[in-house]
Enquirer: 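Dumping the structure here so I can ask a few things about it.
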Amino acid sequence: EIIPVIAQYIAYNGTSLHDSQEIAKAAMSLILYLSQTVPHRDCLPALCGHRSNGSRYLADAISKRMCFTSSSPSITTERDVRDVILDLLLSNVGSADDQNLSHALLGLSGSDGATRSKNCLDAVLDLLSNTDFVLNPQTSSYAAKCYELIYRVCSIANSVNQASSRVWSA
């Protein structure tokens with residue numbers, strides 16, 4: 001299971017390295033490539049391993065990277081890493097499949113709901129609670145993607161609520 005190990009490099013924050021963002025960027029590029037080439041039904045097990053809590057480890061690693069980059073002074077590389085993460089989350093968040101990568105990373109997947117750990121939705125909400133992040137011209141484009149992600153998650157919840165109310169009224 002080499003892929004879960006690669007996923008953990010996303011959260012790597014080496015203090016002795018000049019730019020530890022490069023390691024995270026390379027790992028995230030591999031994750032993005034796999035998510036685009038592996039069939040959706042096989043993507044989550046391929047990236048998270050066969051452990052029952054594998055998606056929580058991946059979500060935790062990616063949410064840590066989002067938080068690291070929010071306080072990092074370097075804007076050149078972090079733009080690439082954060083953009084890749086947000087694009088990955090936005091890529092299939094509206095899908096009806098409960099077991100897709102975006103849902104697992106956002107903590108919306110039903111498989112790991114019993115135990116609560118930090119996920120990408122928590123990281124997005126943390127970022128949006130920082131007015132400097134939202135108003136800063138260098139990060140406002142990320143804030144726009146974060147708001148779009150929140151909108152899509154809320155629309156999923158709304159459509160689920162409407163579907164369940166139709167079942168009860170029928």
Side-chain angles (χ1 to χ4, degrees), residues 3-37 43-44 47-48 54-95 100-109 112-113 115-161:
I3 302 303
V5 174
I6 292 173
Q8 293 303 310
Y9 280 111
I10 294 170
Y12 181 74
N13 192 26
T15 56
S16 63
L17 295 176
H18 174 66
D19 190 8
S20 66
Q21 298 280 335
E22 289 299 319
I23 292 173
K25 188 166 95 172
M28 195 63 215
S29 295
L30 288 170
I31 299 293
L32 183 64
Y33 175 77
L34 287 171
S35 72
Q36 293 172 343
T37 57
C43 185
L44 200 56
L47 292 173
C48 301
S55 62
R56 278 187 288 135
Y57 287 119
L58 182 60
D60 185 56
I62 292 177
S63 67
K64 282 181 183 175
R65 175 51 55 191
M66 289 180 77
C67 292
F68 285 154
T69 56
S70 67
S71 61
S72 173
S74 169
I75 195 72
T76 57
T77 307
E78 81 179 51
R79 177 172 296 148
D80 294 333
V81 175
R82 190 176 286 149
D83 261 343
V84 170
I85 291 170
L86 289 170
D87 287 342
L88 176 66
L89 292 173
L90 287 166
S91 66
N92 62 0
V93 73
S95 169
N100 72 44
L101 184 59
S102 293
H103 289 188
L105 295 177
L106 290 166
L108 303 175
S109 177
D112 287 339
T115 31
R116 181 82 172 111
S117 65
K118 184 152 177 128
N119 56 48
C120 292
L121 185 57
D122 294 328
V124 165
L125 292 173
D126 287 345
L127 289 172
L128 291 176
S129 69
N130 181 349
T131 54
D132 290 335
F133 172 79
V134 174
L135 299 176
N136 185 335
Q138 292 180 323
T139 58
S140 62
S141 64
Y142 308 133
K145 286 186 177 188
C146 290
Y147 281 119
E148 181 182 350
L149 187 63
I150 297 298
Y151 175 80
R152 289 187 188 183
V153 168
C154 290
S155 68
I156 291 169
N158 188 31
S159 66
V160 168
N161 287 340

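Computation of the quantities below employed the complete heavy-atom set of this structure, encompassing side-chain atoms and omitting hydrogens, waters and symmetry-equivalent molecules.
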Enquirer: Which pair of heavy atoms, one from H103 and one from N92, lies closest together, and at what distance?
Expert: NE2-O, 4.2 Å

Enquirer: Looking only at non-hydrogen atoms, find the nearest pair between A61 and I10 and report the distance.
Expert: O-CG2, 4.0 Å

Enquirer: Distance from L90 atom CG to Y151 atom OH, nearest 0.5 Å?
Expert: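 Interatomic distance, L90 CG to Y151 OH, rounded to 0.5 Å: 13.0 Å.
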
Enquirer: Looking only at non-hydrogen atoms, find the nearest pair between A11 and R65 and report the distance.
Expert: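 A11 and R65 have their closest heavy atoms at C-NH2, 3.9 Å.
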
Enquirer: Calculate, to the nearest 0.5 Å, the distance between atoms CD1 and CD belonging to I150 and E148 respectively.
Expert: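 Nearest 0.5 Å value for the CD1-CD distance: 11.0 Å.
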
Enquirer: Please identify each residue that fulfils side chain to side chain contact (heavy atoms under 4.5 Å, CB included) with N136, with sequence neighbours left out.
Expert: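 Side chain to side chain contact (heavy atoms under 4.5 Å, CB included) check on N136 returns Q138, T139.
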
Enquirer: Begin from the C-alpha positions of L34 and C43 and carry the test side chain to side chain contact (heavy atoms under 4.5 Å, CB included) through to its verdict.
Expert: CA-CA 7 Å; L34 287 171; C43 185; 5.7 Å; no

Enquirer: Pick out which of L101, D122, L89 makes a side chain to side chain contact (heavy atoms under 4.5 Å, CB included) with L106.
Expert: L89

Enquirer: Could you give all pairs that pass the salt bridge (Lys or Arg N to Asp or Glu O under 4.0 Å) test and reach residues 127-147, with sequence neighbours left out?
Expert: D83-K145, D87-K145

Enquirer: How close do M66 and R82 get, heavy atom to heavy atom, and via which atoms?
Expert: O-NH2, 3.7 Å

Enquirer: Nearest 0.5 Å, what's the CG-CG distance between L149 and L127?
Expert: 11.0 Å

Enquirer: Set out, in order, the CA-CA distance, both residues' side-chain angles and the distance that settles side chain to side chain contact (heavy atoms under 4.5 Å, CB included) for S102 and S91, then state yes or no.
Expert: CA-CA 7 Å; S102 293; S91 66; 4.1 Å; yes

Enquirer: Over all heavy atoms of both residues, which pair between C146 and L128 is shortest? Give the atoms and the distance, please.
Expert: CB-CD2, 3.7 Å

Enquirer: Please name the pair of heavy atoms, one in A27 and one in Y9, separated by the smallest distance, quoted to 0.1 Å.
Expert: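 Nearest heavy atoms, A27 then Y9: CB-CB, 3.8 Å.
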
Enquirer: What distance do L121 atom CG and L125 atom CG have between them, rounded to the nearest 0.5 Å?
Expert: 4.5 Å

Enquirer: I would like to know whether K118 and C67 meet side chain to side chain contact (heavy atoms under 4.5 Å, CB included); could you show each step before the answer?
Expert: CA-CA 11 Å; K118 184 152 177 128; C67 292; 4.0 Å; yes

Enquirer: Salt bridge check: are D60 and R56 linked by an N-O gap of less than 4.0 Å?
Expert: no

Enquirer: If you define the side chain from C-beta out and look only at heavy atoms, does anything of V81 sit under 4.5 Å from I85?
Expert: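 Counting from C-beta outward, V81 and I85 do come under 4.5 Å.
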
Enquirer: Would you tell me whether N119 and S63 have side-chain atoms, one donor and one acceptor, within less than 3.5 Å of each other?
Expert: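 Distance-only check fails for N119 and S63.
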
Enquirer: With a 4.5 Å limit on heavy-atom distance, are the side chains of L88 and L105 in contact?
Expert: yes

